Participant: 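Pasting a structure here, questions to come.
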Amino acid sequence: MPAAADPSPSMTTDTPVAATAKARGHRPIFHGWRIVAAFAVTQTVGYGCLYYAFAVLLHPIATDLRTSPAAVTGALTTAVLAWAAAAIPVGRWLDRHGGRALMTAGSLAGAALLVAWSQVETLWQLYLVFAGLGVAMAMALYDTATAVIVSWFDADRRPRAILAMIVVAGFASTIFMPLTGLLEQHHGWRTTLLLLAVLYAAVAVPLHAVVLRPPAKRHAGTPRPSAAERAAAVRAARRDGRFWWLAAAFVAHSAAMSAMTIHLVGFLTSRGHPATFAATVAGLLGVLSVTGRLLLTGARRRLRLTTVVAGVFAVQAVAAATLPLVADSRAGAVAVVVAFGVGFGVASLASPALLADRYGTTGYATIAGTLNTPVTLARAAAPLAAAALASAAGYSTTLIAIGGACAVAAAGILARAGTPPPTQGLARRS
C-alpha cells in the first residue's frame with residue numbers, strides 16, 4: 001500500500017506521534033494511508049461476506065426454503081433498495097460525525113445479520129434480514145469508505161488513495177465466491193454464513209473501531225464545518241445544473257453495467273456458445289474493471305477527467321451496440337467484451353473525483369448520497385427492465401439499449417462541464 005511521508009498541505013501541524021517520530025529522525029507515515037490500508041481489507045471482506053456470498057448460496061437457500069431462486073433473488077433487490085434509502089441519512093451522519101462510529105456499528109450489524117440470515121426458515125424472514133443488510137452495507141461499505149477518504153486527502157492525493165482501496169477490494173468476488181462455494185460444499189449454507197459472520201466481525205469491527213479517526217487537519221485547529229455551512233453546500237450542489245447532468249450520467253451508466261453483468265452470459269449462450277465459455281468471458285468484466293481504473297488514473301494526468309471518462313463511456317456504447325454483430329465468433333465476442341469491460345469500474349473513481357473537484361469536501365457525503373440514491377435504484381431495476389426487454393424484443397435489442405445508456409452517460413459527463421462551479425453557499429475545502 002502506498003504511503004506518503006509528508007502530510008497534505010492542509011494538514012501542516014504535527015500530531016504528538018508525528019513530532020516524536022521527527023525528533024527521532026524518522027519520517028512519519030500519514031495516518032490517512034493507514035485508513036486506506038484498513039479499508040482495502042474491510043471492503044474486500046465486507047463485499048465478499050455481505051454481497052458476493054449471496055450468488056453462491058442462492059440455490060441451496062431456495063432448495064432449503066422450498067421456494068424458487070427468483071423469489072430468493074428478490075431478497076437481494078430488497079437489500080439494494082434499503083441501501084438506496086439509507087444513502088442520504090448515512091451521508092448526513094458522516095458529514096456531522098465522521099465514519100468511526102457509523103462504520104463500526106455497520107460492521108457489527110452486518111455480522112449479526114449474517115447470523116440471522118443463517119437461521120431463517122421462511123421467505124419473509126429472509127426479506128426482513130436483507131432489508132437490514134441493505135442498511136448495514138450502506139453504513140460500512142464502499143460509498144461510506146470513499147467519503148471518509150475524501151475527508152482525509154487533498155485533491156492531489158485523493159485519486160491515488162481511492163484507487164488503492166478499490167483495486168484491492170476489486171478482488172472480493174475472486175476470493176470469496178470460491179471460498180463460499182467450498183465452505184457450502186463441506187458445511188452447508190447455514191454454517192457457511194456463521195463462519196462468514198465470525199470472519200467479518202473479527203476483521204471489520206476492530207479495524208473500523210481502532211484505525212478510523214477524524215482527519216488530522218482538524219487536530220491542527222481547523223474547525224469542523226458548521227451545520228449551516230454543510231447545508232449551504234448541499235443546497236448549492238442540488239441547485240447546480242451540472243450536478244443533475246452528472247446524476248443522469250451515472251444513473252445511465254449504472255443501469256448499463258448492471259444489465260450487462262446479469263445478461264451477458266445468457267446472450268452469449270443464446271448465440272450457441274458453451275456455458276463455460278460464456279461464464280469465462282463474463283468473468284473478464286471484474287478483472288478488466290481493475291485495468292480500467294488504473295488506466296483512468298494514468299490518463300487523467302495528461303487529459304481532463306471529463307474527457308477521459310466520456311471517451312471511455314463512448315467506447316462502451318459502441319462495444320455494446322456492436323456485440324450482436326460479432327458475437328457468433330469467439331474472438332469477436334472476447335474483443336468486444338474487453339472493450340466494454342475497460343470502462344466497467346471507471347465510475348467508482350470518476351464519481352468522487354468529479355464531485356469533490358466541483359463542490360469541495362464540505363457536505364461531500366450528503367452530496368454523494370444524493371447522487372448514489374438514484375444510482376443504486378438504477379442498479380437494482382436495470383436487470384429486471386433488461387429481462388423484460390429481452391423477452392419482448394430479444395437480446396440484440398437489449399444490447400443496443402445498453403449501448404444507448406452508455407451514450408447517454410458520455411453525454412451527461414460532458415454536459416455543462418465547462419461551467420464554473422457554484423460559489424454561493426460553498427465553503428470549499430479541497
Side-chain angles (χ1 to χ4, degrees), residues 52 55-56 163 166-167 170-175 177-178 181 252-300 303 307-350 379 382-383 385-411 413:
Y52 289 115
V56 180
L163 178 68
I166 64 178
V167 164
F171 291 99
S173 61
T174 306
I175 297 169
M177 292 184 79
H253 192 258
S254 176
M257 299 307 99
S258 180
M260 182 67 88
T261 300
I262 299 300
H263 296 291
L264 179 58
V265 172
F267 169 73
L268 291 176
T269 54
S270 75
R271 287 300 185 95
H273 294 294
T276 51
F277 171 78
T280 301
V281 172
L284 291 174
L285 294 175
V287 177
L288 290 166
S289 69
V290 176
T291 304
R293 290 161 179 163
L294 293 171
L295 291 175
L296 176 65
T297 302
R300 68 171 297 185
L303 301 169
T307 302
V308 177
V309 175
V312 170
F313 290 175
V315 169
Q316 289 187 293
V318 174
T322 304
L323 185 56
L325 303 177
V326 301
D328 291 338
S329 160
R330 287 193 175 193
V334 170
V336 170
V337 170
V338 167
F340 187 89
V342 168
F344 206 71
V346 162
S348 59
L349 270 180
R379 188 182 306 131
L389 182 59
S391 297
Y395 275 119
S396 294
T397 302
T398 304
L399 286 166
I400 292 171
I402 290 172
C406 290
V408 169
I413 291 294

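Note that the coordinates shown come from a computational prediction; the quantities given were computed from them, not determined experimentally.
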Participant: What pair of heavy atoms forms the shortest contact from A405 to A252, and how long is it?
Facilitator: O-CB, 3.4 Å

Participant: According to ring-ring contact (aromatic ring centres under 6.0 Å, His included), who are the partners of F277, at least two apart in sequence or on a separate chain?
Facilitator: H273

Participant: Are L264 and L323 packed together at the side-chain level, in the sense that at least one heavy-atom pair is separated by less than 4.5 angstrom?
Facilitator: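 When only atoms from C-beta onward are counted, L323 and L264 do touch, with a gap below 4.5 Å.
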
Participant: Could you tell me whether a side-chain N or O of T397 sits under 3.5 Å from a main-chain N or O of A393, the two making a donor and an acceptor?
Facilitator: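 Here the side-chain-to-backbone pair exists.
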
Participant: Under the side-chain contact (heavy atoms from CB on, under 4.5 Å) rule, what do V342 and V315 come out as? Steps first, then yes or no, please.
Facilitator: CA-CA 9 Å; V342 168; V315 169; over 6 Å; no

Participant: Is there a side-chain contact between F340 and M257 (heavy atoms, below 4.5 Å)?
Facilitator: yes

Participant: Where do G343 and Q316 come nearest, in terms of heavy atoms and distance?
Facilitator: C-NE2, 3.3 Å

Participant: Which pair of non-hydrogen atoms, one from P383 and one from S258, has the smallest distance, and what is that distance?
Facilitator: CG-OG, 3.1 Å

Participant: Measure from the side-chain N and O atoms of S329 to the backbone N and O of V326, and report whether any donor-acceptor pair falls under 3.5 Å.
Facilitator: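 Flag not set: sc S329 to bb V326 has no pair under 3.5 Å.
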
Participant: What closest approach, in Å, do A278 and L268 show between heavy atoms, and which atom pair accounts for it?
Facilitator: CB-CB, 3.8 Å

Participant: Could you tell me if the side chain of F267 sits less than 4.5 Å from the side chain of T398, heavy atoms only?
Facilitator: no

Participant: Once ring-ring contact (aromatic ring centres under 6.0 Å, His included) is applied, do any residues pair with H263, and if so which ones, sequence neighbours excluded?
Facilitator: none

Participant: Shortest non-hydrogen contact from V56 to M177?
Facilitator: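 It is CG2-O, 3.6 Å.
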
Participant: What heavy-atom pair brings I402 and A320 nearest, and what distance separates the two atoms?
Facilitator: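 Heavy-atom minimum between the residues: CG2-CB, 4.1 Å.
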
Participant: According to salt bridge (Lys or Arg N to Asp or Glu O under 4.0 Å), who are the partners of R271, at least two apart in sequence or on a separate chain?
Facilitator: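 R271 satisfies salt bridge (Lys or Arg N to Asp or Glu O under 4.0 Å) with D328 only.
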
Participant: Find out whether F344 and T261 are in side-chain contact, i.e. whether some heavy atom of one side chain is under 4.5 Å from a heavy atom of the other.
Facilitator: yes

Participant: Run through L349, T297, L294 and flag the one making a side-chain contact (heavy atoms from CB on, under 4.5 Å) with V167.
Facilitator: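 Going through L349, T297, L294 one by one, the side-chain contact (heavy atoms from CB on, under 4.5 Å) with V167 is satisfied by L294 alone.
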
